[in-house]
Asker: 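My structure is below; once you've seen it, I'll send some questions.
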Amino acid sequence: MKISLNNIGQIYDGKKVLSDISFDVNESEFITLIGPSGCGKSTIFKIITGLEKNYTGNVIIDGTDIEKYQGKLAYMPQNDLLLDWRTLYKNAVLPMEIEKTDKKTMNERIKKLLPEFKLSGEEGKYPYELSGGMKKRTALLRTFLVDSDIMLLDEPFGALDAITRSEMQQFLLEVCEKHRHTVLFITHDIDEAVYLSDRIIVLGKNPAVIKGEIKIQISKPRNTDVLLEREFLEYKKKIMDMLV
Ligand SMILES: Nc1ncnc2c1ncn2[C@@H]1O[C@H](COP(=O)(O)OP(=O)(O)OP(=O)(O)O)[C@@H](O)[C@H]1O
């Protein structure tokens, strides 16, 4: 599925937040939006998912206006939003329950993915019994179980410690490589952006405009060895220069 944003603008309380934002996300591409806090990254996600309606410009998904995709895109917000009173299993199947998927299909789909998400045998646990990494993998599993090829991940690893975060990045790279999803990702972390992405869109603030785009030509699959390579550091420097 391809997403096209065309001349998107957004004004809140008389203040221009987004101005003339245009970019495409190609099928199976991993794109990251990076920019200063409060510049409007989550607003872009709200527009794509249909949560925000009062914008200018248009969003086209696979040649069709986004209206048709409302509620159909896999979206993981900043907070993992696991429901305390539901088990891991019940949290993960929530979007399928809302879609009224039959229990057998639901069970088959989750059982197939539990080992891949390293959650086998944990499905009866409640969120308070899970580690930070397990909670994130549950929220990601729930996002994967939405029947959509497009995933919007808004700072999914922001609250994690450095080691768990690094494990989750590696995990995400591997599952995305396997399932060939189209991913639009938000982060503040330049290393994370370079490590995960095929392309990075750098945003400025007040209003958010696109300051530049960088194609990351480090071959995939990637592992943490690339973090110390000269090429990686050059990409980092380029992004830092664009952000200042
Ligand atoms: N519904 C709303 N009404 C009014 N102002 C809003 C609304 N939603 C967001 N804003 C404002 O729009 C700006 C962009 O917010 P947004 O959450 O998109 O930024 P962000 O880049 O995702 O921030 P962060 O990186 O801190 O998560 C902020 O100044 C925010 O206060």
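Below, all heavy atoms of this structure are taken into account, side chains as well, without hydrogens, waters or symmetry copies. Since this is a predicted model, take the numbers as computed values, not measurements. Just so you know, ligand 1 is whichever comes first in the structure, and atom 1 is the first atom listed for that ligand.
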Asker: Going by the order shown, which atoms of ligand 1 are within less than 4.0 Å of some heavy atom of K41?
Answerer: 18 (O), 19 (O), 20 (P), 21 (O), 22 (O), 25 (O)
Asker: What pair of heavy atoms forms the shortest contact from S37 to K205, and how long is it?
Answerer: O-NZ, 3.0 Å
Asker: Check whether E129 reaches the backbone of Y126 with its side chain - one donor and one acceptor, N or O, closer than 3.5 Å.
Answerer: yes
Asker: Identify the closest protein heavy atom to atom 6 (C) of ligand 1: which residue and atom is it, and at what distance?
Answerer: Y12 CD1, 3.2 Å
Asker: Considering non-hydrogen atoms only, spot the tightest contact between M168 and L140 and give its length.
Answerer: CE-CD1, 3.7 Å
Asker: Would you confirm whether E27, through its side chain, and T182, through its main-chain N or O, come within 3.5 Å as a donor-acceptor pair?
Answerer: no
Asker: What's the shortest distance from atom 14 (C) of ligand 1 to any protein heavy atom, and which residue and atom give it?
Answerer: G38 O, 3.2 Å
Asker: Does ligand 1 have a heavy atom under 4.0 Å from the side chain of T43, from its backbone, from both, or from neither?
Answerer: both
Asker: Is there a heavy atom in H188 that sits closer than 4.0 Å to ligand 1?
Answerer: yes
Asker: Please find the pair of heavy atoms, one from T187 and one from A193, that lie closest to each other, and give the distance.
Answerer: CG2-CB, 3.9 Å
Asker: Is it the case that the side chain of K136 and the backbone of F157 share a donor-acceptor pair, with hydrogens and angles ignored and the cut-off at 3.5 Å?
Answerer: no
Asker: Under the 4.0 Å line, does any protein heavy atom show up next to atom 4 (C) of ligand 1?
Answerer: yes
Asker: Can any side-chain N or O of D62 pair as donor or acceptor with the backbone N or O of K2 at less than 3.5 Å?
Answerer: yes
Asker: Considering S37, S42, G40, which one's heavy-atom position lies nearest to atom 22 (O) of ligand 1?
Answerer: S42
Asker: Considering only heavy atoms, does Q78 approach ligand 1 within less than 4.0 Å through its side chain, its backbone, both, or neither?
Answerer: side chain
Asker: At less than 4.0 angstrom from any non-hydrogen atom of V17, what atoms of ligand 1 do you find?
Answerer: 12 (O), 13 (C), 14 (C)
Asker: If you count the atoms of ligand 1 from 1 in the order shown, which ones are under 4.0 Å from a heavy atom of K46?
Answerer: 8 (N)
